[in-house]
Amino acid sequence: AQSVTQPDIHITVSEGASLELRCNYSYGATPYLFWYVQSPGQGLQLLLKYFSGDTLVQGIKGFEAEFKRSQSSFNLRKPSVHWSDAAEYFCAVGAIGYSTLTFGKGTMLLVSP
Amino acid sequence: DTGVSQDPRHKITKRGQNVTFRCDPISEHNRLYWYRQTLGQGPEFLTYFQNEAQLEKSRLLSDRFSAERPKGSFSTLEIQRTEQGDSAMYLCASSLDRNRAGFNYGYTFGSGTRLTVV
């Protein structure tokens with residue numbers, strides 16, 4: 001079975017600074033990987049996804065993520081954080097042949113002025 | 001299309017009562033998923049449908065939980081004899097199956113139903 005680890009429960013970043021949120025997955029083959037964002041009391045919005053091909057994927061709101069097979073990682077990055085990026089971020093993995101996604105526990109991003 | 005709609009947004013119920021939630025997916029999506037999210041956790045899979053067929057159920061879905069998607073459109077999730085441990089956000093998502101979606105595959109989530117059992 002697949003699993004996802006997001007090692008950081010909370011991260012605080014100054015507005016305008018760069019951001020990297022970590023995600024490690026466990027799965028025996030090439031997974032489908034996703035990053036979602038959730039604002040308080042809301043559902044999840046898809047930021048980006050990786051299925052195959054180019055290991056650097058671009059998403060919405062200026063986010064990107066890089067798939068590194070050797071490290072079983074799919075870290076989310078943004079070069080300059082805006083106050084509106086404060087939210088909870090979830091990494092998820094999907095397995096080929098399975099329809100469901102397994103989510104990490106999330107990383108809460110706080111943006112300081 | 002206005003996305004995935006869930007109703008109600010919030011529900012407070014007394015322990016032992018039954019509750020039912022509704023999800024209206026994106027109309028062209030043939031798959032519908034229910035997830036549960038508790039405080040400090042990521043969403044956990046409960047069950048999913050392809051059209052009207054319920055194809056998979058998680059071990060989290062106890063006998064008190066039942067889900068239906070009678071005409072392959074909207075879905076309902078019922079919890080009987082609610083317990084305080086059922087308090088959570090219940091999220092619905094929809095998608096096309098992978099064969100049809102191709103590289104557009106991905107879930108669209110609703111805003112969720114927040115259940116509080118007192």
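Numbers restart at 1 for each chain; the letters A, B, ... are given by sequence-line order, proteins then strands.
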Are there more than 12 heavy atoms of other residues, nucleotides or ligands under 6.0 Å from atom CG of A/L110? yes
Checking heavy atoms, do the side chain of B/Q37, its backbone, both or neither come under 4.5 Å from chain A? side chain
Are any non-hydrogen side-chain atoms of B/N30 and B/L96 less than 4.5 angstrom apart? yes
Chain A contact via B/Y107 - side chain, backbone, both or neither, heavy atoms under 4.5 Å: both
Under 4.5 Å to a heavy atom of chain B? For A/Q6 that would be neither
Considering heavy atoms only, which positions within residues 60-71 of chain A lie below 4.5 Å of chain B? none
Reported CG-to-CG distance for the pair A/L21 and A/L47, which is rounded to 0.5 angstrom: 9.5 Å
Using side-chain contact (heavy atoms from CB on, under 4.5 Å) as the criterion, point out the one residue from A/V93, A/L33, A/N24 that pairs with A/V4. A/V93
Using distance alone, with no hydrogens and no angle criterion, decide if A/T107 and A/E88 have a side-chain donor and acceptor under 3.5 Å apart. no
For the interface with chain A, which of B/G40, B/C92, B/G42 has the highest count of heavy-atom pairs at distances below 4.5 Å? B/G42
Nearest 0.5 angstrom please: B/F21 CZ to B/L115 CG, how far? 4.0 Å
Taking side chain as everything from C-beta outward and backbone as N, CA, C, O, which of these in A/L101 sits under 4.5 Å from a heavy atom of chain B? Side chain, backbone, both or neither. both
No-hydrogen, no-angle side-chain donor-acceptor test under 3.5 Å, B/Y33 and B/S95: yes
Hey, is the main chain of A/S3 close enough, under 3.5 Å, to the side chain of A/S26 for a donor-acceptor pair? no
Can you name the residues of residues 61-72 of chain B that have some heavy atom under 4.5 Å away from a heavy atom in chain A? none
Distance check, rounded to the nearest 0.5 Å: A/W35 atom CH2 versus A/N75 atom CG? 7.0 Å
Tell me whether the NZ or CZ atom of B/R31 lies within the 45° cone about the ring axis of B/F49 and under 6.0 Å from its centre. no
Suppose we call two aromatic rings close when their centres sit under 6.0 Å apart. Are A/F90 and A/F34 close by that rule? no
Heavy-atom count check: over 12 atoms from other residues, nucleotides or ligands less than 6.0 Å from B/R9 CZ? yes
